[in-house]
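Below is one structure, written out as structure tokens; comments come after it.
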Amino acid sequence: MQPKDEEEGAAPAATGFPVSGGGGGGTGGATAAFVVPAPPAPWSTGLFDCFDDVGNCCVTCLFPCITFGQVAEIVDRGSTSCGASAALYTLIVALTGYGFQSIFSCFYRAKLRAQFGLEESPCPDCLVHFFCEWCALCQEYRELSNRGFDMNIGWHANMERQGHAAATMPPQMQPGMTR
């Protein structure tokens, strides 16, 4: 008879050790391993370290849509361009007034945190973006820069630079007919 935890329909205990499935004499059931996720890592810079990159700080103060677009392109892995994300950010500000773009941008902070296993600090993402929009954008920009991304060239150029994608060359044209 099997222990109560491993009866059919019951979930095995999450011990962190491999658990053999299938009951019965030596048929070799599947093995499942429980992996305990690593604790979230801290950000490489603080929320209020905006002056660590004075150039980006100035751009973000004057045109936060640009910094948001650069961050969004990298976080979306090139599926949306910097220009498209910046335009959508600006459109949200123009149509709704200041504050509602923070709802949009906080989703990108959450996405960035999930991709790199970062902690949600100093408070929830939407509160960080609502009360400190420019500081949050600067922090996200610095985090990606510190992880090796050149924020000025976009996702695709970063991948080519890192050797993840071959550069595409236009086809060679044969000379045309001459008289």
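- A donor-acceptor pair is defined here as one N or O able to donate and one able to accept, closer than 3.5 Å; no such pair exists between the side chain of S85 and the backbone of C82.
- Across every non-hydrogen atom of A86 and C65, the tightest pair is CB-O, 3.2 Å.
- With contacts defined as side-chain heavy-atom distances shorter than 4.5 Å, the pair E73/M151 does not qualify.
- Using a cut-off of 4.0 Å between Lys/Arg side-chain N and Asp/Glu carboxylate O, D125 and R113 are scored as salt-bridged.
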| message | Determine whether D76 and W155 satisfy the following criterion, side chain to side chain contact (heavy atoms under 4.5 Å, CB included), listing intermediate values before the conclusion. | response | CA-CA 9 Å; D76 280 343; W155 172 259; over 6 Å; no
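- Nearest heavy-atom pair across T96 and F100 is OG1-CB, 3.2 Å.
- For the pair Q115 (side chain) and V75 (backbone), a donor-acceptor distance under 3.5 Å is present.
- Proximity of T67 to F63: side-chain heavy atoms (C-beta onward) are nowhere separated by under 4.5 Å.
- Using cut-offs of 30° and 60° on the angle between ring planes, the pair F104 and F68 is tilted.
- Of the possible donor and acceptor atoms, one in the side chain of W134 sits under 3.5 Å from a partner among the backbone N and O of T60.
- The closest side-chain heavy-atom distance from Y141 to D53 is below 4.5 Å.
- Counting heavy atoms from C-beta on, the side chains of C106 and V128 never come closer than 4.5 Å.
- Side-chain atoms of D150 come within 3.5 Å of backbone N or O of N152 as a donor-acceptor pair.
- Cluster annotation: I66 is not connected to L144 through the hydrophobic network of ILVMFWY side chains, with a link wherever side-chain heavy atoms come within less than 4.5 Å.
- Minimum heavy-atom separation, G154 to I74: C-CD1, 3.9 Å.
- A side-chain donor-acceptor contact under 3.5 Å links R142 to the backbone of G46.
- Hydrophobic clustering (ILVMFWY, side-chain heavy atoms < 4.5 Å, transitive): V71 and L47 are in distinct clusters.
- The cationic atom of R109 (NZ for Lys, CZ for Arg) lies less than 6.0 Å from the six-membered ring centre of W43 and within 45° of the ring axis.
- Note on I103: it clusters hydrophobically with L88, by side-chain heavy-atom contacts below 4.5 Å among ILVMFWY residues.
- Linking Ile, Leu, Val, Met, Phe, Trp and Tyr residues whenever their side-chain heavy atoms come within less than 4.5 Å leaves F48 and L127 in two separate clusters.
- At least one donor-acceptor pair closer than 3.5 Å links the side chain of E143 to the backbone N or O of S44.
- Side-chain N/O atoms of S105 and E133 include a donor and acceptor closer than 3.5 Å.
- Atom-to-atom distance recorded for Q70:CD and F149:CZ is 13.5 Å, nearest 0.5 angstrom.
- For the pair P40/L118, no side-chain contact is recorded, criterion being any heavy-atom separation below 4.5 Å from C-beta on.
- Side-chain atoms of D49 never come within 3.5 Å of backbone atoms of D52 as a donor-acceptor pair (strictly under, hydrogens ignored).
- Side chain to side chain, E140 and H129 meet the donor-acceptor criterion of an N or O pair below 3.5 Å.
- Side-chain heavy atoms closer than 4.5 Å link hydrophobic residues (I, L, V, M, F, W, Y) into clusters, and following such links, possibly through other members, connects M159 to L112.
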